[in-house]
Amino acid sequence: MNLTMTGIDFAHAPLQQRERVSFVRGQVQALLPQIAARPGVSGCVLLATCNRTELYVHGADGVPLDPLALLARAAGFSVDEFRPMSVACAGAACVQHLMAVAAGLESQIFGDDQILTQVRDALTLAREAQTADSVLDTLFRRAVTAGKRVRTEVKLTGVPASAAEVAARRARDFFGSLEGKRAVVIGNGAMGRLAAATLRDAGCAVTVTLRSYHHGETIVPAGCDTFPYDRRCEALEGADLAVSATTSPHYTLLARQLAALQNPPRLLLDLAMPRDIEPAAGGDARVTLYNLDDLGDLDDGRNAAARQAAVRILDEEQAEFDKWYRYRQALPVIAAVKDTALDRLHFDHAYGDLYRDGDIDGLLELAVGKTVDLLLGGMKDVVDADRLAACLTHMRKGSGR
């Protein structure tokens with residue numbers, strides 16, 4: 001299959017390089033049609049998360065494709081600069097990789113809860129842009145199914161499920177306890193809300209900054225206060241820690257803003273990609289700054305058995321996709337078999353005699369018999385009784401026999 005993927009992820013590229021090729025929703029929507037319009041591209045899906053940017057491309061048979069070059073051309077970055085830090089795979093390895101990504105096996109945080117939604121969202125954006133052909137659509141749906149199965153069938157031991165939970169653990173380790181600490185969360189998207197709820201559950205008094213508030217529409221975790229985003233520095237004064245998790249293309253906190261505070265937060269946690277907090281803020285002796293790469297992976301090997309169980313599930317789902325793909329590839333041959341069988345029947349003298357006599361039952365019996373004989377006659381080396389029995393069982397389903 002002409003299926004390829006090229007990606008830039010946390011395991012092969014530092015954060016400062018990854019954020020140069022990280023894309024928010026609007027950018028993905030703009031890039032997909034440009035990539036799909038290139039010669040030989042049948043479909044494309046762009047997965048852009050905090051820790052990885054991966055372009056999946058399905059192309060016409062026999063047409064060589066370079067996803068990184070396609071993405072670089074559309075997004076305007078140097079393919080030569082990023083080639084050494086990119087990863088690539090094709091065919092079955094590409095299928096296997098996406099399923100592992102959706103299951104959280106390739107995440108910075110083993111079993112990451114957020115990645116499954118991100119894989120699903122990537123497919124949704126491609127559908128909206130009309131760039132997800134049948135192969136990529138089926139592959140991504142099967143990957144989501146694989147991820148769901150891993151989450152429901154595999155038990156993880158003591159591993160945080162998201163970057164927000166890792167950040168809360170880092171904060172607890174930093175302070176010794178989060179009970180009674182004041183926390184400010186900048187950003188009220190999925191990650192911001194999760195961070196706010198996690199810190200609240202850990203005992204923090206949490207304030208969430210909002211750009212606007214619409215009653216009944218704006219979701220704020222229960223037990224959290226709110227504060228205007230434009231006045232966020234006021235909320236930071238005297239706080240113990242701050243988390244920023246937005247999709248803003250610009251910094252939400254500048255070094256000079258933090259330097260101007262009398263009592264800035266002692267701990268800053270930047271969970272955004274591209275980064276929300278200006279790196280220079282970490283130069284202030286009064287604060288400690290952690291970004292996504294500083295959080296690391298808290299899986300300490302306790303989940304080796306879980307990984308093995310997850311791999312077995314992924315193998316099963318990959319086998320299902322492979323069966324679908326082989327059948328899809330066989331469809332033109334199936335159509336040709338039908339046409340050839342019909343042509344052979346037309347040349348059969350008995351066919352004409354039965355047609356003139358109006359013997360419908362005879363025509364059906366002849367057509368079926370000749371078609372089965374023609375088909376199986378070319379498969380003598382692969383057909384056996386067991387396979388035919390399985391075929392017969394499938395044919396009898398729903399027939400009442």
**Student:** Are any of the side-chain heavy atoms of L123 and D121 separated by less than 4.5 Å?
**Tutor:** no
**Student:** For R266, does the CZ atom have more than 12 heavy-atom neighbours from other residues, nucleotides or ligands under 6.0 Å away?
**Tutor:** no
**Student:** Is any side-chain heavy atom of V287 less than 4.5 Å from a side-chain heavy atom of L267?
**Tutor:** no
**Student:** Please determine whether side-chain contact (heavy atoms from CB on, under 4.5 Å) holds for the pair L105 and L314, giving the CA-CA distance in whole Å, both sets of side-chain angles, and the decisive distance to 0.1 Å.
**Tutor:** CA-CA 10 Å; L105 272 64; L314 300 189; 4.1 Å; yes
**Student:** Salt bridge check: are R169 and D173 linked by an N-O gap of less than 4.0 Å?
**Tutor:** no
**Student:** Please walk me through it: do F321 and W324 pass ring-ring contact (aromatic ring centres under 6.0 Å, His included)?
**Tutor:** CA-CA 5 Å; F321 174 79; W324 173 87; 5.7 Å; yes
**Student:** For residues L269 and L241, determine if any side-chain heavy atom of one lies less than 4.5 Å from a side-chain heavy atom of the other.
**Tutor:** yes
**Student:** Which residues satisfy the side chain to side chain donor-acceptor pair (under 3.5 Å) test with Q27, sequence neighbours excluded?
**Tutor:** none
**Student:** Can you tell which of R142, K323, K148 makes a salt bridge (charged side-chain N to carboxylate O under 4.0 Å, His left out) with E317?
**Tutor:** R142
**Student:** Is V101 close to L47 at the side-chain level, that is, under 4.5 Å between some pair of heavy atoms?
**Tutor:** yes
**Student:** Tell me which pairs pass ring-ring contact (aromatic ring centres under 6.0 Å, His included) where either residue lies in residues 42-90, with sequence neighbours left out.
**Tutor:** Y56-F140, F77-F82
**Student:** Using the side-chain contact (heavy atoms from CB on, under 4.5 Å) rule, take T226 and T207 through it: C-alpha gap first, then chi angles, then the decisive distance, then the call.
**Tutor:** CA-CA 5 Å; T226 61; T207 297; 6.0 Å; no
**Student:** Do T252 and S244 have a side chain donor and acceptor closer than 3.5 Å?
**Tutor:** yes
**Student:** Can Q17 and R20 be counted as having a side-chain donor-acceptor contact under 3.5 angstrom?
**Tutor:** yes
**Student:** Does one side chain, of D276 or T246, offer a donor that lies under 3.5 Å from an acceptor on the other?
**Tutor:** yes
**Student:** Which residues pass the side chain to side chain contact (heavy atoms under 4.5 Å, CB included) test with S22, sequence neighbours left out?
**Tutor:** E19, M273, P274
